[in-house]
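Structure first, then comments.
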Amino acid sequence: MYFDRENAAKFNPLQHAKRIVRAHHDALSGAKPKTIAQVLSRHVADNARWRGVHPFNELVGHEDVAAGFWKPLLESFGSLQRRESIFFAGENEIDGGASTWVASMGHLIGLFDNAWLGIPPTSRIAFIRYCTWYRVEENKITDVMMHVDIPHLMTQAGHNPWSHQTGAFTIHPGPSTNDGVLTSPQSEDESAKTLARINSMINMIGDWKSGLPLEEELALDWHDDMLWWGPTGIGSTYTIKRYAKQHAGPFRDGFTDRKRVGHQVRTAEGFYGGFFGWPSFTARPTGGFMGMPGTNKSGEFRVTDLYRRRDEKLIENWVFIDILHFWKQQGVDVLERFSTLSEK
């Protein structure tokens, strides 16, 4: 019997949500500063909530999102295009599956011709690392969380604000398997396995007091040859041993009083999954993290993570942390320093 995958997908809520986001991305690809608000209105609800990194924070409605984020971006970067490396959808475990979300991750690539957020332009190609989560209800996007790694752009422009990075600076690749863009339906059994492994990893982290040596703790949920693609200021690392040495260990040593706030979304499809929290947790810096002195002042961490599972364990992790927001809470406004550079 012939199986019509295209028509069957019409009755699949995850596939429907993907089509809405795909149409939205297609529309954005042709947007100009003068037309961006109209483009957003095609697929984004009038009162949609949009959450982003500092300094954008929270905006409501496509008019405010256009004026606050997209228009300045399009004015600064010519010929902007999207290079997507991960795309999947899932029902949100946090609200018991009541909401459907689509995740998209990759790079926005353009010619950095005019200053953006005070960062001086280079007139060269630039990569803006991004991860966006979309909530889709019926035929509209009603909630968006968009994370862009602004320090990653700063470093490309020759202005790395951090004196100490434990991991490596890289242009972050997509999955090594090149299969992260999930346009077709995926196995529900595999999706459940991925989500279960992500939950196991989250529960193991707990309050950093598992009772196990760090590398043994990590090995419960991660392959030894794990790849951890971290945010600029922290950097990326490879293998459990180097991850423990170059991120997990220093991060735990540099903070105390870590407290969960919770995730707004956590889901998986096939071998891919992830979550975001706005914020995910709070912690108090005691010194050393990113080469900075301790403030003993608790701060929020806005975080989104995407994962790839291989066999029974996690193998790749793409991590976004709103570093600028965290340090602003500690009295360090990195963007304020850049405003003087763009005026020169």
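Criterion: ILVMFWY side-chain heavy atoms under 4.5 Å apart, direct or through other members. Under it, I128 and L111 are not part of a common hydrophobic cluster. No single ILVMFWY cluster, assembled from side-chain heavy atoms under 4.5 Å apart, contains both M145 and V136. At a threshold of 4.5 Å between side-chain heavy atoms, the hydrophobic network of Ile, Leu, Val, Met, Phe, Trp and Tyr places V21 and L40 in one connected group. No continuous path of ILVMFWY side-chain contacts below 4.5 Å connects V303 to W229, so the two sit in separate hydrophobic clusters.
Evaluation of the ring-ring contact (aromatic ring centres under 6.0 Å, His included) rule for H223 yields no partner, not counting sequence neighbours. Every side-chain contact (heavy atoms from CB on, under 4.5 Å) that I86 has, sequence neighbours left out, goes to F88, M105, P175, Y272, L306, W318. A search for salt bridge (Lys or Arg N to Asp or Glu O under 4.0 Å) contacts involving E93 returns R266, not counting sequence neighbours. Legend: residues meeting salt bridge (Lys or Arg N to Asp or Glu O under 4.0 Å) with R83, ordered by chain and number and at least two apart, are absent. Not counting sequence neighbours, the partners of D333 by the side-chain contact (heavy atoms from CB on, under 4.5 Å) test are H54, K328, L335, E336. D64 pairs by the side-chain hydrogen bond (donor to acceptor under 3.5 Å, both in side chains) definition with nothing, not counting sequence neighbours. Remark: D143 pairs with R51 by the salt bridge (Lys or Arg N to Asp or Glu O under 4.0 Å) rule, at least two apart or across chains. Contacts of H164 classified as ring-ring contact (aromatic ring centres under 6.0 Å, His included), with partners at least two apart in sequence or in another chain: none. Listed by chain and number, the residues in a ring-ring contact (aromatic ring centres under 6.0 Å, His included) with H152 are F169, H172 (sequence neighbours excluded). Evaluation of the salt bridge (Lys or Arg N to Asp or Glu O under 4.0 Å) rule for E84 yields R22 as partners, not counting sequence neighbours.
Crowding of Q81 atom CD: a count of heavy atoms from other residues, nucleotides or ligands under 6.0 Å exceeding 12. Counting non-hydrogen atoms of other residues, nucleotides and ligands closer than 6.0 Å to NZ of K245 gives a total of 12 or fewer. Crowding of F69 atom CZ: a count of heavy atoms from other residues, nucleotides or ligands under 6.0 Å exceeding 12. For CZ of R242, the number of neighbouring non-hydrogen atoms (other residues, nucleotides, ligands) closer than 6.0 Å is 12 at most.
Taking Ile, Leu, Val, Met, Phe, Trp and Tyr as hydrophobic and joining them when side-chain heavy atoms fall under 4.5 Å apart, one finds I171 in a cluster with I109, I125, F127. When hydrophobic side chains of Ile, Leu, Val, Met, Phe, Trp and Tyr are connected at separations under 4.5 Å, V261 ends up as a singleton with no cluster partners.
Looking at heavy atoms from C-beta onward, V265 lies out of side-chain contact with I94 at the 4.5 angstrom threshold.
Annotation: the span from I150 atom CD1 to H147 atom NE2 amounts to 8.0 Å, rounded to 0.5 Å. Atom-to-atom distance recorded for F289:CZ and R252:CZ is 13.5 Å, nearest 0.5 angstrom. The distance from atom CD of Q330 to atom NE2 of H325, rounded to the nearest 0.5 Å, is 10.0 Å. With rounding to the nearest 0.5 Å, the separation of OG1 in T122 from CD in Q156 is 8.0 Å. To the nearest 0.5 angstrom, I321 atom CD1 is 11.0 Å from T232 atom OG1. Note that CG of L227 and CD of E316 are 5.0 Å apart. Values are rounded to the nearest 0.5 Å.
Classified by interplanar angle (parallel below 30°, tilted 30° to 60°, perpendicular above 60°), the ring pair Y243/W228 is tilted. Taking the six-membered ring for Trp and thresholds of 30 and 60 degrees, Y307 and F275 have ring planes inclined between 30 and 60 degrees apart. Using cut-offs of 30° and 60° on the angle between ring planes, the pair F276 and W101 is perpendicular.
There is a side-chain donor-acceptor pair under 3.5 Å between H25 and Y134. For the residue pair T194 and R309, a side-chain donor N or O sits within less than 3.5 Å of a side-chain acceptor on the partner.
Taking the six-membered ring for Trp and the full ring otherwise, F251 and F301 have centroids separated by under 6.0 Å.
Remark: side-chain polar atoms of T166 are paired, donor with acceptor, to backbone N or O of Q246 under 3.5 angstrom.
Contact check on E312 versus R197 returns no salt bridge, with no Lys/Arg side-chain nitrogen under 4.0 Å from an Asp/Glu carboxylate oxygen.
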